[in-house]
Amino acid sequence: MAPQPIDPAGAQGLKAWLAAPVPSSPFQARMQQLSLKWWRLKANPAALFGLAIIVLIALTALFAPLIATHDIYAQDLTMRLQRPSAAHWFGTDELGRDIFSRLVFGARITLYIALLTAVIAAPLGLIVGTTSGYLGGWVDTVLMRIVDIFLAFPSLVLALAFVAALGPGIDHAIIAIALAAWPPIARLARAETLSIRKSDYIAAVRLQGASPLRIILGHVVPMCIPSVVVRITLNMASIILTAAGLGFLGLGAQPPSPEWGAMLASGREFILTNGWIAGIPGLAILVTSLAFNLFGDGLRDILDPRHG
């Protein structure tokens with residue numbers, strides 16, 4: 001009797017399809033890998049909690065106009081420094097603006113800065129690191145000395161120097177933070193490339209006449225991506241803190257923008273009498289940074305090939 005094909009439509013069929021010892025197609029193999037990674041994530045409560053917080057913040061930023069209860073720019077001096085209440089869930093600031101609404105819209109700015117910085121820093125560090133590690137010689141020496149110069153300064157100090165030269169503003173802050181964030185990624189990609197370039201399949205591709213550019217982009221970079229993704233996820237907390245620090249110093253988002261660092265700066269003079277004005281955006285920065293750290297730590301365990 002011929003075996004019946006597995007129907008992946010039902011719950012049991014899908015489970016058996018994902019648990020098949022020998023996948024029948026590349027698509028099934030990829031789905032099995034994704035399923036295994038998801039189960040590893042579910043087995044890590046801290047990473048799952050971090051992911052839930054990140055998703056919640058992302059949804060809050062996406063639906064900010066629907067969630068916010070007040071106009072974030074509307075000032076009402078008769079309602080200034082109000083304590084948290086049913087009318088103003090997180091109270092009001094020194095200009096009578098609703099803190100909850102400003103916090104909700106501030107999530108958009110924070111995620112915008114973090115994601116755009118990652119989009120700039122990760123590819124830059126990946127290309128520099130893989131090129132340096134694969135080509136070696138004087139190229140490696142020159143690129144790594146440049147990386148050493150960047151790493152000689154703390155990231156916040158380096159970002160301050162760049163944004164001071166470029167001028168205050170969100171876009172300039174993103175460029176400054178990205179320029180300070182790419183060197184550690186380049187170091188990581190170089191270390192990965194030094195081991196990958198000795199692999200047999202790289203030697204086989206080289207013998208077939210592939211150019212160094214094709215080998216780097218087509219074979220080395222894809223192997224380094226998981227490590228870079230983990231590193232940039234863990235670096236999100238540092239990026240958020242740096243962005244908040246620039247906003248606090250007046251070099252990032254400018255008033256009346258509801259950026260969390262700028263909100264923290266405006267509330268610092270009331271911290272002893274009306275602590276919620278500075279405490280609430282400070283808590284938002286803390287929770288968001290912690291969530292990315294927890295999720296990044298779990299992601300490292302999931303994408304680590306030694307767990308395969």
Side-chain angles (χ1 to χ4, degrees), residues 30 33 113-166 171-239 242 292-293 296-297 299-308:
R30 288 193 293 269
Q33 291 179 351
I113 294 174
L115 294 177
L116 199 54
T117 299
V119 167
I120 296 173
L124 178 60
L126 183 61
I127 294 300
V128 171
T130 53
T131 302
S132 174
Y134 182 80
L135 296 181
W138 67 269
V139 175
D140 182 35
T141 301
V142 171
L143 291 178
M144 285 303 102
R145 296 299 76 78
I146 295 174
V147 169
D148 289 340
I149 293 173
F150 277 83
L151 291 176
F153 301 92
S155 59
L156 179 58
V157 174
L158 197 60
L160 283 171
F162 282 123
V163 80
L166 295 172
D171 294 336
H172 291 168
I174 291 172
I175 296 173
I177 298 171
L179 290 175
W182 72 268
I185 299 173
R187 277 287 189 188
L188 175 64
R190 176 182 179 271
E192 293 272 347
T193 304
L194 289 176
S195 60
I196 293 171
R197 72 175 183 177
K198 300 177 183 178
S199 302
D200 292 339
Y201 77 93
I202 294 294
V205 173
R206 190 184 300 117
L207 289 174
Q208 290 177 357
S211 65
L213 179 62
R214 181 176 180 181
I215 294 174
I216 292 172
L217 296 180
H219 301 278
V220 178
V221 167
M223 294 296 293
C224 296
I225 286 178
S227 299
V228 171
V229 169
V230 172
R231 182 57 187 260
I232 199 66
T233 304
L234 289 170
N235 280 3
M236 281 294 191
S238 175
I239 291 171
T242 303
F292 275 107
N293 271 333
D297 189 60
L299 200 62
R300 178 177 55 195
D301 296 337
I302 294 170
L303 297 180
D304 191 340
R306 290 174 297 181
H307 287 112

I need the minimum non-hydrogen distance between Gly129 and Ala189, along with the two atoms involved. CA-CB, 3.9 Å
Looking at Leu151 and Pro183, what are the two nearest heavy atoms and their distance? CD2-CB, 3.7 Å
d(Leu217 CG, Thr130 OG1) to nearest 0.5 Å is 7.5 Å
Examine distances only and state if a side-chain atom of Ser132 and a backbone atom of Val128 form a donor-acceptor pair shorter than 3.5 Å. no
Residues Ile232 and Ala118: closest non-hydrogen pair is CG1-CB, 3.7 Å
Minimum side-chain heavy-atom gap Asn293-Asp297 below 4.5 Å: no
Pairwise distance CG(Leu143) to CG(Leu135) - rounded to 0.5 angstrom: 8.5 Å
Considering non-hydrogen atoms only, spot the tightest contact between Ala159 and Thr242 and give its length. CB-CG2, 3.9 Å
Atom CG of Leu188 and atom OG1 of Thr193: how far apart are they, to the nearest 0.5 Å? 9.0 Å
Please report the C-alpha distance between Leu179 and Leu158 in whole Å, then the side-chain angles of each, then the deciding distance to 0.1 Å, and finally whether the side-chain contact (heavy atoms from CB on, under 4.5 Å) criterion is met. CA-CA 8 Å; Leu179 290 175; Leu158 197 60; over 6 Å; no
If the condition is ring pair (Phe, Tyr, Trp, His ring centres under 6.0 Å), which residues does Phe150 pass it with, not counting sequence neighbours? Trp182
So CD1 of Ile174 and CZ of Phe162: to nearest 0.5 Å the spacing works out to 15.5 Å
Quick one: does Leu213's side chain get under 4.5 Å of Ser211's, heavy atoms only? yes
Side-chain contact test, heavy atoms from C-beta onward, threshold under 4.5 Å: evaluate it for Asp140 versus Arg190 and give yes or no. yes
Where Phe292 and Ala237 come nearest, the two heavy atoms and their spacing: CB-N, 4.3 Å
Test of understanding: with salt bridge (Lys or Arg N to Asp or Glu O under 4.0 Å), list the residues that count as partners of Arg187, not counting sequence neighbours. Asp148
To the nearest 0.5 angstrom, please state how far the OG1 atom of Thr131 sits from the CG atom of Leu126. 8.5 Å
In terms of heavy-atom contacts, Met236 and Leu115 come closest through CE-CD2, 3.9 Å
Within this structure, what is the CD1-CD1 distance for the pair Ile196 and Ile202, rounded to the nearest 0.5 Å? 7.0 Å
